[in-house]
Amino acid sequence: MCGIVGIVGVRPVAERLVDALKRLEYRGYDSAGVATVHDGRLDRRRAEGKLFNLEARLAGEPLAGNSGIAHTRWATHGVPNEANAHPHFSGGVAVVHNGIIENFAEIRNELIASGAVFASQTDTEVVAQLISANLKAGMSPRAAVRAMLKRVTGAYALAILFESDPDTIFAARSGPPLAIGYGDTEMYLGSDAIALAPFTSQVAYLVDGDWAVITRTGAEIMDFDGNPVQRIRQQSTASAYVVIDKGNHRHFMEKEIYEQPEAISHTLGHYIDFAESRIRPVAGIDFTNLASVAISACGTAYLAGLTSKYWFERYARLPVEIDVASEFRYREVPLVANSAALFISQSGETADTLASLRYCREAGLKIGAVVNVRESTIARESDAIFPILAGPEIGVASTKAFTSQLTVLASLAIAAGRQRGTITPEREKALVGHLAEMPRVMSAVLNRIQPKMEMLARDLSKFKDVLYLGRGTSFPIAMEGALKLKEISYIHAEGYAAGELKHGPIALIDENMPVIVIAPHDRFFEKTVSNMQEVAARGGRIILITDEAGAAATDLPTMATIVLPDVDEAIQPMIFALPIQLLAYHTAVFMGTDVDQPRNLAKSVTVE
Ligand code: M6R
């Protein structure tokens, strides 16, 4: 995952590189480093932990130099300490890397056999050592980089700086994203356009198999065989002025939870024609005669996709094949021609989701991307982009992106139903009416339940394990509740289809494992109540999240009952997502974890 940035400049770069890293911290935050060339000498500062540690190091020992590269790390090979932090040095070569060099062990052993001494446990160091060995063998920097690229396998975005040539940065891409930024007198390199936004809005994206020689005046881009290639220079929409602050909130996650009514309004404005009470025509994918839709994504985005399976099947009578992208990409799914595929990703850069997309493209399917970042690789490789318009999501735990993804997917399912003639205009009008209610209902819910969720979180924080149950579209919401709780509070949590309880998880039920039941008063309610009875009969503690009709229809004793307004089944997932987000958030705050940057995680997962 990791973020990388580079500047070939005309004025000092260290501070600017660290500022750019701040915009990439969502990609990893376990250590960071910066290297520059000054007076013909490579030098670096590195620090374990968050970027402020690197800033403190630089404040004490500043780095001069007008060219440099920098890195914020999410550890793959080697613990997150200073020795493993990038940039890695070898014989006048500095390297920063995002990805995994898969044949590093073999190369490392060869280099050690010929006398190399390694200073880190990382896979990346072989890149620096290999280039420096090539230099020693008499190659020029350009030839040494090219020979290295021919030797390494795996996934990488690389930036390489030579002590002997401070006016050039070499870059290469095989997998993780890399953008070149064009300035007037300087040139830039970064993992994304957002990192480069304070410097320039003119960017060109490298594609897999590209490498580039970047100087102050331009970039020469080639394929790995050395043939020149043209990559379109485009105007980036990433803004240097995006205010990345928490407003009056303690954490980005809290801010993003409360932004949901507004975010959903934007999303609805894009997809709904309010004058006609219908979903606007969908450009790029014609659902009319499709045999099926394949959906793939990871984490929370996958759970949005799983929720939408119920909608596509119900409203559009369209069969959905869905799997987590890390399985989908290798399963050899027999894809039916005349199908479409949807890939859901907040970042648009998730490696497994991108690989699944490419698998479907090879099979000739029409590709749709449900993304937040419109300039992302997934968006750029799709036939149709369905933006979720959630605005920047900084907290690693996804909240507003999830409900915005659900809103887009519900809109697409309704549009598909219209195209396929499986819902009437009246039904579409009614569904659109329910969608349009969401911002108002969300605001009311957030205001109403906050104090109760805070109190409940205090109780929940005493437990080590939590089970979430739900049926129908509440099943993916149960899984999302468990994912949210575990990733930020570190409490072990699992989400299950309520009907699966008696097929195993019921063995775990006792007074030490609260069971959070997501049970709106829908067509599954009675069945879910039976499952709650089974939990109660075994001394389990129930936290019931229901609506007014549901609360009136059961008198089972609970540890707590959270009551939401009655809403149509079509929007229950978006509304019931709110209490599970708040519960996870307040539990994590109460436990004192790093809510926005939980341990071991990163916002953008660009390695598989
Ligand atoms: O950027 P993406 O939506 O592709 O990311 C997918 C997952 O990594 C992401 O949803 C992850 O599960 C979140 N941390 C969950 O809160």
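First listed ligand is number 1; within each ligand, the first listed atom is number 1. The shown structure was predicted, so the numbers you read here are calculated from the model rather than taken from an experiment. Numbers for residues simply follow the sequence, beginning at 1.
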*For atom 10 (O) of ligand 1, the protein heavy atom that lies nearest, with its residue and separation*: Thr300 N, 3.1 Å
*Is there any side chain to side chain donor-acceptor pair (under 3.5 Å) pair reaching into residues 571-584, and which pairs are they, with sequence neighbours excluded?*
Gln260-Gln581
*State if Cys298 counts as touching ligand 1 under the rule of any non-hydrogen atom under 4.0 Å.*
yes
_Subset of ligand 1 atoms that lie under 4.0 Å from at least one heavy atom of Glu487_ = 13 (C), 14 (N), 15 (C), 16 (O)
*Answer yes or no: does an N/O atom from Thr353 fall short of 3.5 Å to an N/O atom of ligand 1?*
no
*asked:* For a 4.5 angstrom cut-off between non-hydrogen side-chain atoms, does Glu375 reach Ser236?
replied: yes
*Would you mind listing which atoms of ligand 1 come within a distance below 4.0 Å of any non-hydrogen atom of Ala301?*
3 (O), 10 (O)
*Hey, is ligand 1 close enough to Leu483 that some N/O pair sits below 3.5 Å?*
no
*Heavy-atom contacts with Ser347 under 4.0 Å: which atoms of ligand 1 show up? List them by number with element.*
1 (O), 2 (P), 4 (O)
*asked:* Between Glu102 and Ile100, does the side chain to side chain contact (heavy atoms under 4.5 Å, CB included) criterion hold? Intermediate values first, please.
replied: CA-CA 6 Å; Glu102 286 171 357; Ile100 293 174; 4.3 Å; yes
*When you measure from the centre of the six-membered ring of Tyr29, is the NZ or CZ of Arg73 under 6.0 Å away and within 45° of the axis?*
no
*Considering only heavy atoms, which of Asp352, Leu303, Thr350 lies nearest to atom 4 (O) of ligand 1?*
Thr350
_Give the atom numbers and elements of ligand 1 that come within less than 4.0 Å of a heavy atom of Ser345._
1 (O), 2 (P), 3 (O), 4 (O)
*Of all the non-hydrogen atoms in the protein, which one sits nearest to atom 8 (O) of ligand 1, and at what distance?*
Val605 CG2, 3.9 Å
_Looking at Asn447 and Ser443, would you say the former's side chain and the latter's main chain have a donor-acceptor pair under 3.5 Å?_
yes
*asked:* Can you name the atoms of ligand 1, numbered from 1 with element, that are less than 4.0 Å from a heavy atom of Ala397?
replied: 16 (O)
*Once the angle between the rings of Phe328 and Phe343 is folded into 0 to 90°, is it parallel (under 30°), tilted (30 to 60°) or perpendicular (over 60°)?*
perpendicular
*Answer yes or no: is there a donor N or O on one side and an acceptor on the other, between the side chain of Asp210 and the main chain of Val207, under 3.5 Å?*
yes
*Give yes if a backbone or side-chain nitrogen or oxygen of Gln346 is under 3.5 Å from a nitrogen or oxygen of ligand 1, and no if not.*
yes
*asked:* Side chain, backbone, both or neither: which applies to Lys484 and ligand 1 if a contact is any heavy-atom pair less than 4.0 Å apart?
replied: side chain
*asked:* Classify the ring geometry of Tyr585 against His251: parallel below 30°, tilted from 30° to 60°, perpendicular beyond 60°.
replied: perpendicular
*So, Glu454 and Arg458, do they make that salt bridge, N to O below 4.0 Å?*
no
